[in-house]
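Computed from a predicted model, the values in this text were never measured in an experiment. Values below: every heavy atom of this structure, side chains too, minus hydrogens, waters and symmetry copies. So that the names make sense, note that chain A is the first sequence line, chain B the second, and so on, each numbered from 1.
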There are 2 protein chains.
Amino acid sequence: MPDTARISRIRSGRRTDIRQQNERLILEAAERVFAEAGFGGATMQLIADMAGLPKANLHYYFPTKEALYRRVVQNIFEIWLDAASSFDGAAGPVEGIGAYVRAKMDISRRHPHGSKVWAAEVMHGAPVIQDYLETTLRAWTEGRMAVIQRWIDEGKMAPIDPRHLLYMLWATTQHYADFGHQIETLNAGEALSDRQWREATESVTQIILRGIGAI
Amino acid sequence: MPDTARISRIRSGRRTDIRQQNERLILEAAERVFAEAGFGGATMQLIADMAGLPKANLHYYFPTKEALYRRVVQNIFEIWLDAASSFDGAAGPVEGIGAYVRAKMDISRRHPHGSKVWAAEVMHGAPVIQDYLETTLRAWTEGRMAVIQRWIDEGKMAPIDPRHLLYMLWATTQHYADFGHQIETLNAGEALSDRQWREATESVTQIILRGIGAI
DNA sequence: TCGCATCCTGACCGTATGGTCAATACGAAG
DNA sequence: CTTCGTATTGACCATACGGTCAGGATGCGA
């Protein structure tokens, strides 16, 4: 029924806007609350207050707390996977890994809440995204490991175990989001400035690129 | 009243054993449950079941859930600080950082639950250990930064920002505990073997030591 | 055996939370 | 103005949870 579909889409143009806007509002609030309180510590009431909506309205858009949480985790996972593009099409480790570190540090700065939700989800045994780990993430990882191995074979870097290099990249970049509070405390209670973020990115990139013998 | 104190200590020798044993039992169960479910998701009932004690008994030894949680976090913090000794008295970065990485990887393997509880606590804004961060951790960090800076001045390693090097050490080593489930999933669902732990430690050590120009 | 401190625990309570629902408001189309 | 699908919301409910408490068990010293 292309007709009714089109009509419905046209007719509900305004309504669709409301739906999208409210869903976005709720998802942003949820991301923050889940990150700061954890799944168990987060309450629908708190998310509702932060989104400026009555609690019952949340259940109109998301049937359960778990469904809302699931969407938040999925959103993060997609953002996170997008950074993969920085890795691809690079001639060697200096460009590829350099770009990847920069992209991931950028995500840590722009989506600290999302990174924390992801970290907590994995720490709890990945109850809702286990299948993603086993399919998408595993495939992604194997693909990049192959790329790194090729660089090694081509003599563009030292013979490092690609797996542990990837873990190191993830750990180091995500640390600036997940442990942002600790870093801030050790920075005299101040959030990192633009300059400090640049220095952090630079330090990480330098140590790793030199560490794998690409410089 | 040293007399009564001594008498009491002697008389309750057996009782003290019971107390210590039960507290340890509860703390171990709590560490596991807090790590797997988070503070909000953990229930006293679940901890009690895992410890093999009735719930009311938990409240006999620990007045509140928060008090129990606080003890768990403090325990981890102490274990974690002990790894500092590996850092001290080292002639240079190869010995010092090498030993530190080995010690921290060992902690990640032996106390994965503790590491996760610590990570979650920091991610939530360190509600119960903020003062530790501002005092003990800050002092510890500044001390090690000075050591690293000295090594740099002595030409034993490249001029890396000591702060970001420390963050990198923490991030990388703790990743093997905090994201252990993800690592396991990417390892065909198998926990890392002795050999794989050794390889991981070796990879991390190699990349970092080469990355800071100490090799 | 008795007294006493420690330890144990089933039953209970107040509260907070996720979720439901019926009633209502809204707004576009005809 | 009427109709109808969508969006809104206050009131409500069942449940689960942290915490309490009174009564009892245990075991050691005198």
Practice item. In plain terms, say whether Glu202(B) and Arg198(B) are close enough for a salt bridge, that is, a side-chain N and a carboxylate O under 4.0 Å apart. Key: no
Point to revise | Whole-Å gap separating C1' (dT6(C)) and CD (Gln20(B)) | key: 15 Å
Review point. Can you say whether the rings of Trp140(B) and Trp170(B) are parallel (under 30°), tilted (30 to 60°) or perpendicular (over 60°)?
Key: tilted
Exercise for review: Send over the distance from Ile18(B) CD1 to dA25(D) P, rounded to a whole Å.
Suggested key: 17 Å
Practice item. Kindly state which residues belonging to residues 36-68 of chain B come within less than 4.0 angstrom of DNA chain C, counting heavy atoms of the residue only, listed by number. Key: Pro54(B), Ala56(B), Asn57(B), Tyr60(B), Tyr61(B)
Check your understanding: Between atom CG in Asp17(A) and atom P in dA7(D), what is the gap in whole Å?
Key -> 11 Å
Would you mind writing out the side-chain donor-acceptor pairs for residues 115-128 of chain B within the sub-3.5 Å range, not counting sequence neighbours?
from, atom 1, to, atom 2, distance (Å)
Ser115(B), OG, Asp178(B), OD1, 2.7
Glu121(B), OE1, Tyr69(B), OH, 2.6
Glu121(B), OE2, Val128(B), N, 2.8
Glu121(B), OE2, Ile129(B), N, 3.2
His124(B), ND1, Ala35(A), O, 3.4
His124(B), ND1, Ala120(B), O, 3.3

**Study point:** Electrostatic pair Glu28(A)-Arg32(A), nearest N-O below 4.0 angstrom
**Key:** no
For residues 80-90 of chain B, run the donor-acceptor check on the side chains, cut-off 3.5 Å, and write out each pair with its distance to 0.1 Å, sequence neighbours left out.
from, atom 1, to, atom 2, distance (Å)
Trp80(B), NE1, Gln174(B), OE1, 3.2
Ser85(B), OG, Asp82(B), O, 2.9
Ser86(B), OG, Ala83(B), O, 3.1
Asp88(B), OD1, Arg144(B), NH1, 2.2
Asp88(B), OD2, Arg144(B), NH1, 2.8

Check your understanding: Closer than 4.0 Å, any side-chain N/O of Arg19(B) to the OP1 or OP2 of dC7(C)?
Key -> yes
Point to revise | Rounded interatomic separation in angstrom, taking CD from Glu23(A) and C1' from dT6(D) | key: 13 Å
Exercise for review: Give, for atom CG of Leu53(A) and atom OH of Tyr60(A), the distance between the pair rounded to the nearest 0.5 Å.
Suggested key: 13.0 Å
